[in-house]
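The structure appears below as structure tokens.
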Amino acid sequence: MTVTVEKTPAPRTGQVHRAARRTSRTGRPHAAWALPGVLFFTFFAVVPMALALYLSFTSWDGLGDPRPVGLDNWKKLLDDPRMTQSLWLTVVLTVASWVFQTVVALLLGVWAAGRQRNRAILSAVFFVPFLLSSTAIAILFYALLDPNFGIIQKDTLGSQSGAFLAIVFVGGWQFIPFHTLIYQGGARQIPEVLYQAAAIDGAGRYRQFFSITLPQLRHTITTSTVLMVVGSLTYFETVLILTKGGPGTDTAILPYLMYEAGFKTYDFGYASAIASFLVIAATGLSLVLVRLTGFGAMRSTREGM
Amino acid sequence: MESSRGQVTGGAGGRSFSRRWFLGAGSASLLTAGLGAGLTACGSGGGSGGGDGKTLTAFVYGDDAVKVQQAGVDRFNKSAAAKKAGGTIKLQKVPGSDYSPKLRTAMGSPSAPDIFFNWGGGSIKPYEEAGKLVDLTDIIEGDPVLKSGFLPSVLAAGDLGGRHYGIPMRGMQPVILFYNKSVFAEHKLQPPTTWDQLLDINAKLKKAKITPFALGGSDVWPELMWLEYLVDRIGGPEVFKRIQDGDAEGWGDPAVVRAAELVKELIDDGAFGSKFTSVSYVNGGAPAVFARGKAAMHLMGSWEYSTQLGKFPDFAKSNLGWAAFPTVEGGTGDVRNVVGNPTNYWSINARTKNKDLAVGFLKDCASKEYAQALIDNGDVPTTSNAAELLASSPNPEYAKFQYDMVQKAPAFTLSWDQALGDGLGTKMHTEIGKLFAGQSSPSEFVTACKGLK
């Protein structure tokens, strides 16, 4: 642990609580520390978001000047049957990805937090898929799934269920390692004494997992969930390469619909409306998640210890 | 639309590179793109095409055939015409599938190209409407080289409202019914000339456990080719002409309904096999199925020949056969009619600082040297002197077939997606994809197309 807070402007996850408590004792870091981050965020996030919001009230084909059209794009957003379909598909994708990734990552993470030999090497191997570019991964799986020359010579991407499962699986393959790492870190923070006490009381492995590990990982689950949900909402490259939203419109999730409206039909106004909607939905969802799980209250999982 | 645009010669490698470009361009976050585009929109008032007028920029679709344009540019830059106009041309090659979005973004910015590659018709309509194109009608009429340099039908096919905005600059790309000669010989078949014959051949092939047709359904545009030819054979070129001219009710024409029904029957009958919705043309899936004899026929643009030559040279040289699309019983369309891309065109940005230089460069496309370079590349030029050059093609028989096909065609219908432009074309693609994937019936397809705008 570092001694002076001033030298650690960005404490790593897991140290946040302790660091926060320490700052209140030793004084907060100067606001100037935040300046580079704030500027970066302003120019590369806030300004473009504001511009996209502005464009969502215009009609613009990429040539000439945007023409104000009031709420037309937003009305279209509510009426468009493709939007309804996309929204539903996005929700299904988010839920399916969350279930798949959380179950696997949680179990793997808890297991990897143990004391096996070579665990560090295994952890490093796990992490490899996350280091590859999404594009490379999607192209790889596209080749593997080729109905005539791939390893599974079935019409996987040609049916909705197949295409959807492929997207969920490829997404999991890529991101599970990252979440495994988060869960591994979380699981290692759980004090050994809890397990020792439980063992004395006669709790078995399963009882220990459900009564100690899971509750102790509450905040980790929240963190991982928020990342997964927001990630699923902006999931794009894999869909573009694996299915192009197809077969038909069966996998055209919201980010793909936005891409199509913007870069294929050159309806930048409508694309901006979809983009703005995504930003609002993602922000809203993460706030709700944080609220519901009590994460925002910053209560410690070690209360009473 | 990564549509029927030029030769698809790049494999997965070129594909992945171009995808990367998209990601960089902000597909992951349209917000960033919105920023870039927003700023360029503000700056466009004072912008000008291509700098000082000494060096003009030309955007071109960056596939393998680009070497012909590069040679043309090199030749022109050394020519007397270039010296007289006081400048040179610089070619900027844009990876294929990114071409349209890149051009669209650039044309609204200060770094717009002076000259750019396009598909004529609807593909340049937004630029014409925004006043960004030089009307070449009077220039062509007043210049003997340009006026008599090209096949008139091809020159006209890229027109907008009867005015010329482009000069033909690549080979012709009619859609042709290709077949596997050895599979046909083995089962004692002849290429079909009527729809009934085609169905008969299908039945025989299926009995022999061979898929009748290869189809890259995940790209959608190969599916479009079926509708284009069927509508033409059933109702003639006027049916789509009406739609192209802006009458969406034209989708309700009995010919369109019938064509959609025939397509549905083909699909249900297994003419494309059971996996075509996940097969792609662009990554080489459909051409491989065809070349390896898993499918007996392939309806594709003339570039299928060079694609096969690149991937399966033995097949291309000895077993690749070609034929016209068959007639449909009771149809009124002429069997000689052709669909596809007449060719590609160069257009000039109205803001160019050196129009003389740009026009001088375009004239080079009518030269014998340029036409010969296209021939050497395996293409059939659309210049009026093409006929005498055909014999020097790497495959004179195939070149002559193509040339005659286009030359004798009473009508050449531009690929529908190109004719309608990117906005409508993309939405039409979606409906066609749904029809072929079985998500909509022929009547639902027609109703949905009528509602497109």
**Complete:** Nearest heavy-atom approach of Pro247(A) to Ala437(B) is CB-CB, 4.1 Å

**Request:** Answer whether the closest heavy-atom distance between the side chains of Pro101(B) and Tyr266(A) falls below 4.5 Å.
**Result:** yes

**Heavy-atom closest pair, residues Gln153(A) and Lys275(B)** = O-NZ, 3.4 Å

**Message:** Which one wins on heavy-atom pair count under 4.5 Å against chain B: Ala252(A), Pro147(A), Gly158(A)?
**Reply:** Pro147(A)

**Request:** Give the intermediate values and the outcome of side chain to side chain donor-acceptor pair (under 3.5 Å) for residues Ser278(B) and Asp155(A).
**Result:** CA-CA 6 Å; Ser278(B) 54; Asp155(A) 191 27; 2.5 Å; yes

**Item:** Which atom of Gln439(B) lies closest to which atom of Thr249(A), heavy atoms considered
**Value:** OE1-N, 3.3 Å

**Asked** Would you call Asp422(B) and Thr265(A) a side-chain contact if the rule is heavy atoms closer than 4.5 Å?
**Response** no

**Request:** Would you mind reporting whether Asn148(A) and Arg292(B) have side-chain heavy atoms less than 4.5 Å apart?
**Result:** no

**Prompt:** Does Asp61(A) offer a backbone N or O that forms a donor-acceptor pair with the side chain of Arg104(B) under 3.5 Å?
**Reply:** yes

**Message:** What I want to find out is whether Asp250(A) reaches Lys434(B) closely enough, with some N-O distance under 4.0 Å, to be called a salt bridge.
**Reply:** no

**Prompt:** Could you walk me through whether Val220(B) and Lys244(A) pass the side-chain contact (heavy atoms from CB on, under 4.5 Å) check?
**Reply:** CA-CA 10 Å; Val220(B) 180; Lys244(A) 298 191 193 84; over 6 Å; no

**Asked** Where is the tightest heavy-atom contact between Leu63(A) and Gly108(B), given as atom of each residue plus distance?
**Response** CD2-N, 4.2 Å

**Message:** Measuring from atom CZ of Phe263(A) to atom CG of Asp98(B), what distance do you get when rounded to the nearest 0.5 angstrom?
**Reply:** 10.5 Å

**Atom of Tyr142(A), atom of Asn283(B) and distance for their closest heavy-atom approach** = CE2-ND2, 2.8 Å

